2 protein chains.
Amino acid sequence: MKRHPIPLLYRSQHPHPCDDHLPPDLHAGLQQRITEVATSTVELARGENLAHSGAAFHHLYLVVSGAFKAVQLGAEGRSQIVCFYGPRELMGLSGFSQRRYTTDLSALMPSVVCEFPVQAIESAVSADRLLLERLLTYVSEGLERAEQDQFMLGSLTAPQKIACFLLRVQAMRRRIGGDANGFDLPMTREELGSYLGLTMETISRLLSHLHAQGVARIDKRHVQILRDDLLQAWRDEGVDLPLSKRKKSPELRVA
Amino acid sequence: MKRHPIPLLYRSQHPHPCDDHLPPDLHAGLQQRITEVATSTVELARGENLAHSGAAFHHLYLVVSGAFKAVQLGAEGRSQIVCFYGPRELMGLSGFSQRRYTTDLSALMPSVVCEFPVQAIESAVSADRLLLERLLTYVSEGLERAEQDQFMLGSLTAPQKIACFLLRVQAMRRRIGGDANGFDLPMTREELGSYLGLTMETISRLLSHLHAQGVARIDKRHVQILRDDLLQAWRDEGVDLPLSKRKKSPELRVA
DNA sequence: CGGTCGCTTGATAATCGTCAATTGATGTGG
DNA sequence: CCACATCAATTGACGATTATCAAGCGACCG
């Protein structure tokens, strides 16, 4: 974990490390302001942590490259991944209420982030109404995402969860940059299972099934979705697992 | 659903409908500002909706009395409750990103709320740095809660979920006001099941079991927790369901 | 008084977790 | 460079947690 301070002089005079890595929908003026409050970039190896649950909340982090997971810790050593982050996403937003990080933030692969002191963010925000609205929007977006995840975890079956996840990743990819043929998942089966409330084995079986059915090409971590329509059907209507003996064909009951 | 406008003249000169119903940890000066932006109070009967998923995001709502549920809608008519709200809680905070409500907000019982135009909130917030920090804190708190709920939905067993829920309600009650002997749940078994990702029947069985074991008194919607320690054990270590044949006593295997 | 609603309880079954064995990839040290 | 260990992933067999289906009961309401 190497930290590279960004000298004050440097800021906003040279091309900034964050340039082209800021969240979308940001006006030029705001980009300026934001790069001014970044103090360092940090490089992390796979498995290294940016923040620990319960630690003092001093920085927000912008993912420049790589990917991260946010891990909720529970009793008895249990834990669950509650969010994944990729480039241009802001991490740490749930810390404002307690002034503590509420999850661990851990790199899924070699990654680079940009570090923003909370103090400086708050000053910049009270000086600029647009910036306030942006920050509020980001936290609110996180809340919206978390509540959708609650729905996913509580109301969908295993095949529906996987389909939902893959479709979301694809939509993300589409919004960011072009995606020629497919994409690479940054997480292991176990991590994906943790996020979806399933086991590694279930994830593996379902991905194999998707492959066998020709819905997607799955090669290790590489995924190419072949039949968007079928995947949407998986998500919205569910499917029979290959494991299931047989679909219940509800025979007419005698009245 | 009756709406009662609060005349401009009236505001901050008379006792305000929101007084004593504002969120905790609010300075006197902020209370003043907040009551100034409230435009109406609204009375709702059980089942009436304050907001519909996808509708334009014009107001935040403060619960004055009663209780609400936030309902996420999914494909094929599925839905799940993602949050319950009681007095002094702010509803609608997930709407800032899309400028649309992301859930339905529906009254669980006859209730009263105070209505705040988003526009006015944002003006007040840019004028007052403390108010900004408060609002940010509330949204961030919501995010923290939702991520805890993700953990609950994805990582806990049915008995653990119920125990977790009851302990949270009790902690809430303790923070707000005194609680003599127990409390009344504002939601049906079905609504609680929706929130916890379980069915009505499972909720009913587990509450009966808690009663039978002497962990809590359960009488319809009224709950009195008798053994905090046992309930915490339910939450942290899990228990055997009464339905389960037998706990797997892992016999020593021959090597 | 009939009907709906909320709730309880029982019987059955299916989804998905657990346990186990295997394979291939990666990396490390002798 | 190869043996060895470790880790990610796949696949199978089995079982338990929890959903589904069903029946019944009391309360409340029009």
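All values derive from a computational prediction rather than experimental measurement. In what follows, every chain begins at residue 1, and chains take the letters A, B, ... in the order their sequences are listed. The basis for the numbers below is simple: all heavy atoms, side chains too, and nothing from hydrogens, waters or symmetry mates.
For S204(B), the side-chain atoms get nearest to dT9(C) when compared with the rest of dT9(C), dA19(D), dA8(D). For T202(A), counting side-chain heavy atoms from C-beta on, the closest listed nucleotide (dG17(C), dA19(D), dG6(C)) is dG17(C). With dG6(C), dA8(D), dT11(D) as the choices, the nucleotide that has an atom nearest any side-chain atom of T188(B) turns out to be dG6(C). Across dG17(C), dG10(C), dC7(C), the shortest atom-to-atom separation from the side chain of E201(B) is found for dG10(C). Each of dG6(C), dT18(D), dC16(C) was ranked by its minimum atom distance to the side chain of P159(B); first place goes to dT18(D). Distance from the side chain of R205(B) is smallest for dG10(C) among the nucleotides dG10(C), dA19(D), dA27(D).
For the pair H211(B) NE2 and dC7(C) P, the computed distance is 16 Å after rounding to whole Å. Straight-line distance from the CD1 atom of I162(A) to the P atom of dT15(C): 16 Å, rounded to whole Å. L156(A) places its CG atom 15 Å from the C1' atom of dA19(D), with the value rounded to the nearest Å. Between the P atom of dG10(C) and the CE atom of M200(B) lies a distance of 15 Å, rounded to the nearest Å. Atom C1' of nucleotide dC5(C) and atom CD of E191(B) are separated by 12 Å, given to the nearest angstrom. Nucleotide dT18(D) holds its P atom 12 Å from the CG atom of L196(B), rounded to whole Å. Distance, L206(B) CG to dG10(C) P: 14 Å, rounded to whole Å. At whole-Å resolution of the value, CZ in R46(B) and P in dC5(C) are 11 Å apart.
As judged by a 4.0 angstrom heavy-atom cut-off over every strand, I203(A) is placed among residues making no nucleic acid contact. Among the heavy atoms of the strands lying under 4.0 Å from G197(A) are primed sugar atoms or P, OP1, OP2 only; no base atom is included.
In this structure, the separation between CZ on F68(A) and CD on E48(A) is 9.5 Å, given to the nearest 0.5 Å. The distance from the NE2 atom of H211(A) to the CD atom of Q213(A) is 11.0 Å, given to the nearest 0.5 Å.
Proximity of a side-chain donor or acceptor of Q160(B) to a complementary backbone N or O of R235(B) within less than 3.5 Å is detected. Formation of a donor-acceptor pair under 3.5 Å by the K161(B) side chain with backbone atoms of L196(B) is found in this model.
Close to dT18(C), at under 4.0 Å from its OP1 or OP2, lies no side-chain N or O of T199(A). Contact check, R221(A) against dA9(D): a side-chain N or O comes under 4.0 Å of OP1 or OP2.
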Verdict with supporting geometry, T102(A) and E144(B), side-chain hydrogen bond (donor to acceptor under 3.5 Å, both in side chains): CA-CA 7 Å; T102(A) 61; E144(B) 189 188 350; 5.6 Å; no
